[in-house]
Amino acid sequence: MAADLSFFHHGGSALRRNRSAVAANAAATPVRGSVWATAGRILNMAVLMMAVFAALVLIVVPRATGSEAFTVLTNSMAPKFPPGTFLVMKPVAFDELKYGDVVTFQLHSARPEVETHRIVGFAATQEGEKTLITKGDNNGANDAEPVREIQVKGKLFYAVPYVGYVANALGNADRNMWTTLAAAGLIGYGGLLVIKGIRGRGRSSNDAAGDAA
């Protein structure tokens, strides 16, 4: 009889330990799920912030300021602006340009080929028209031809390294279309994250209400 009681005694202890383990696992599972959910929200927020920053720098600000974007293709402005640098050039009054400014200008008036170099001096035509003397930072000599006002596309507003490679990969001819698609994609992605966050909070509230009940 004593042996039987001992069996029940030990068996009861094992049962309690099993119940305790199940309870501990049940408590730990929501904690692990909560950690992953928090990490996911932080990652989503980081991606969203990067997307918004990229949209502002590459799309919104250039368009809002009437600027034009160009990509550095050669080493003439290295090392500060190596090939692949995305340049945003803002329109500026010709008389406001000064020594040291970086400007993008047409190599020939009314033609699409452009160059981005630094102003290293000023000159004038025989008719008295003011012109710019320009030079690439990495070049050994000034540009052969002076730059007239009608050739200037803009003054450097800001530059973003490496992004120009992406713009070139998309193709200059379709840049506006790709820009519009990128903006729509970023807005859609941001909206999706917001909706997902709202639904996640709703589920958490329902779960909390269920547990309380």
Please tabulate, for side-chain N and O atoms in residues 78-105, each donor-acceptor pair with protein atoms closer than 3.5 Å (sequence neighbours left out).
unit_1	atom_1	unit_2	atom_2	d
Thr85	OG1	Pro82	O	2.7
Asp101	OD2	Lys98	N	2.9
Thr104	OG1	Thr116	OG1	2.6

Check your understanding: Could you walk me through whether Thr134 and Glu145 pass the side-chain contact (heavy atoms from CB on, under 4.5 Å) check?
Key -> CA-CA 8 Å; Thr134 55; Glu145 299 292 333; over 6 Å; no
Check your understanding: Would Val163 end up clustered with Phe53 when hydrophobic side chains under 4.5 Å apart are linked, directly or stepwise?
Key -> yes
Check your understanding: Are Met77 and Val120 in one and the same hydrophobic cluster, where Ile, Leu, Val, Met, Phe, Trp and Tyr link if side-chain heavy atoms are under 4.5 Å apart?
Key ->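 No; tracing contacts between hydrophobic side chains, which count when under 4.5 Å, never links both residues.
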Check your understanding: Does a side-chain heavy-atom distance below 4.5 Å link Tyr158 with Val160?
Key ->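 With C-beta onward as the side chain, the pair touches.
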Review point. Given side chains that start at C-beta, do those of Leu132 and Val152 come closer than 4.5 Å, heavy atoms only?
Key: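 They are in contact (side-chain heavy atoms under 4.5 Å apart), so the answer is yes.
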**Study point:** Where Val61 and Thr65 come nearest, the two heavy atoms and their spacing
**Key:**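 Residues Val61 and Thr65, closest heavy atoms: O-OG1, 2.8 Å.
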Practice item. Please answer whether the main-chain N or O of Lys135 pairs with a side-chain N or O of Asn142 as donor and acceptor at a distance below 3.5 Å. Key: no
Practice item. Would you sort out whether Ile133 and Ile119 count as a side-chain contact (heavy atoms from CB on, under 4.5 Å), showing the intermediate values? Key: CA-CA 6 Å; Ile133 306 299; Ile119 298 174; over 6 Å; no
Check your understanding: Excluding sequence neighbours, so at least two apart, what forms side chain to side chain contact (heavy atoms under 4.5 Å, CB included) with Glu129?
Key -> Thr125, Arg148
**Study point:** Residue pair Asn138 / Ser76, side-chain donor-acceptor N/O under 3.5 Å
**Key:** no
Please list, one pair per line, the donor and acceptor atoms closer than 3.5 Å that link side chains of residues 106-115 to other protein atoms, with sequence neighbours excluded.
unit_1	atom_1	unit_2	atom_2	d
Gln106	OE1	Ala110	N	3.3
Gln106	NE2	Arg111	O	3.3

Check your understanding: For Tyr162, does the OH atom have more than 12 heavy-atom neighbours from other residues, nucleotides or ligands under 6.0 Å away?
Key ->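 Check fails, neighbour count at 12 or below.
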**Study point:** OG1-CD distance between Thr131 and Gln151, expressed to the nearest 0.5 angstrom
**Key:** 9.5 Å
